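Data first, discussion second: the structure below is written as structure tokens.
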There are 2 protein chains.
Amino acid sequence: METSFEQPESPWDVYLRSCPCREVLDLVANKWTALVLGALGRRPHRFGELRRAVDGISQKMLTQNLRSLERDGLVTRTVYPTTPPTVEYAHTELGTEITVYLDAISTWTVGNFDRIRVAREAYDTRVLTPVT
Amino acid sequence: METSFEQPESPWDVYLRSCPCREVLDLVANKWTALVLGALGRRPHRFGELRRAVDGISQKMLTQNLRSLERDGLVTRTVYPTTPPTVEYAHTELGTEITVYLDAISTWTVGNFDRIRVAREAYDTRVLTPVT
DNA sequence: CGGGATCCGGTCGGATACTG
DNA sequence: CAGTATCCGACCGGATCCCG
């Protein structure tokens, strides 16, 4: 992968409850953020395209997510005055950076799901055989 | 950073609603997972230590998270039969791998919060000056 | 097409009390 | 110390209807 960005020094400690970065971490840790940003990583998408690309997301959640991402400067929203309206979402610089990390997680997840499933089954069938 | 792991080929597509990997992504995308795993990355922790390390997490949420992480084979839970009981949580191999990626995100978040805050303030003060 | 508005059930998640 | 159990309010998130 080999894609690390500069990490400026910071006076903040995300392990403290009062750290404002917690909000950002919450946004990134959102159920859909990794998939939405990941889809945008390939190319800009229109709203409907995005909705189809991220299978299972509702229109409401997609809208909410995109608003949050736009607010935090991770995606741009461009409206073309056509009829019917065309709206295109794309990464910002900031969005591209974080997406690299999120994609790594998505990829790791699918690549190692077998190992996780084994652990899960072991956990779910344990306890049934301890002492008795 | 320079820490990428092998990513086995997989027949799953996390962009499909039916992909079982979605569950794992949800776990990893949890509000607290990055912080809990990050704390464990430094060294094993006892329950109380972890509670104090991840400032703001409630005991209930910490317990639930640790159970999920244990179930999916990301952390181990070791009970020492002392009085009062001593319980130690630590990473598994699997947990160490994913934690590298999560730490990258946490670090990026604190390092770039300034840029995000600027974007956020721009967003929040916009619209108030368009046409009128 | 790209949403906004509303209703509403389900779950998240904190506070509190109790236990071995 | 390391939890479990319960109450309960807040918000998540889907379904539905509507609009420019």
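Note on naming: letters A, B, ... go to the chains in the order of the sequence lines (proteins, then strands), and numbering restarts at 1 for each one. Model, not experiment: these values are computed from the prediction.
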Please say whether the positively charged group of R67(A), taken as NZ for Lys or CZ for Arg, lies over the ring of Y89(A), i.e. under 6.0 angstrom from the six-membered ring centre and within 45 degrees of the axis. no
Pi-cation contact, Y123(B) with R126(B) (under 6.0 Å, within 45°): yes
Can you check the [X] [atom1] to [N] [atom2] distance for me, whole Å?
| X | N | atom1 | atom2 | answer |
| --- | --- | --- | --- | --- |
| F47(B) | dG3(D) | CZ | P | 6 Å |
| D26(B) | dC12(C) | CG | P | 10 Å |
| E23(B) | dT11(C) | CD | C1' | 16 Å |
| N30(B) | dG13(C) | CG | C1' | 11 Å |
| L50(B) | dG3(D) | CG | C1' | 14 Å |
| K31(B) | dC12(D) | NZ | C1' | 13 Å |

Any [X] side-chain heavy atom under 4.5 Å of [Y] side chain:
| X | Y | result |
| --- | --- | --- |
| L102(A) | I98(A) | yes |
| L37(B) | V28(B) | no |
| V75(A) | L40(A) | yes |
| D13(A) | D55(B) | no |
| R43(A) | E49(A) | yes |
| T76(A) | E70(A) | no |
| F113(A) | P20(B) | yes |
| W32(A) | L35(A) | yes |

Under 4.0 Å from OP1 or OP2 of dG3(C): is there any side-chain N or O of Y89(A) that close? yes
Counting just side-chain N and O atoms, does R46(A) come under 4.0 Å of either OP1 or OP2 of dG2(C)? yes
Remember a base hit wins even if backbone is also touched, and classify R51(A) as base, sugar-phosphate or nothing at under 4.0 Å, heavy atoms. nothing
If you measure from OG1 on T96(A) to NE2 on H91(A), what distance do you get to the nearest 0.5 Å? 5.5 Å
Which residues, if any, of residues 57-82 of chain B bring a heavy atom under 4.0 Å of DNA chain C? S58(B), Q59(B), K60(B), M61(B)
Degree of bending, the helix from dC1(C)-dG20(D) to dG20(C)-dC1(D) (end axes from five pairs; round to 10°): 50°
Kindly give the atom pairs (protein nitrogen or oxygen, nucleotide nitrogen or oxygen) under 3.5 Å for nucleotides 18-20 of chain D.
none

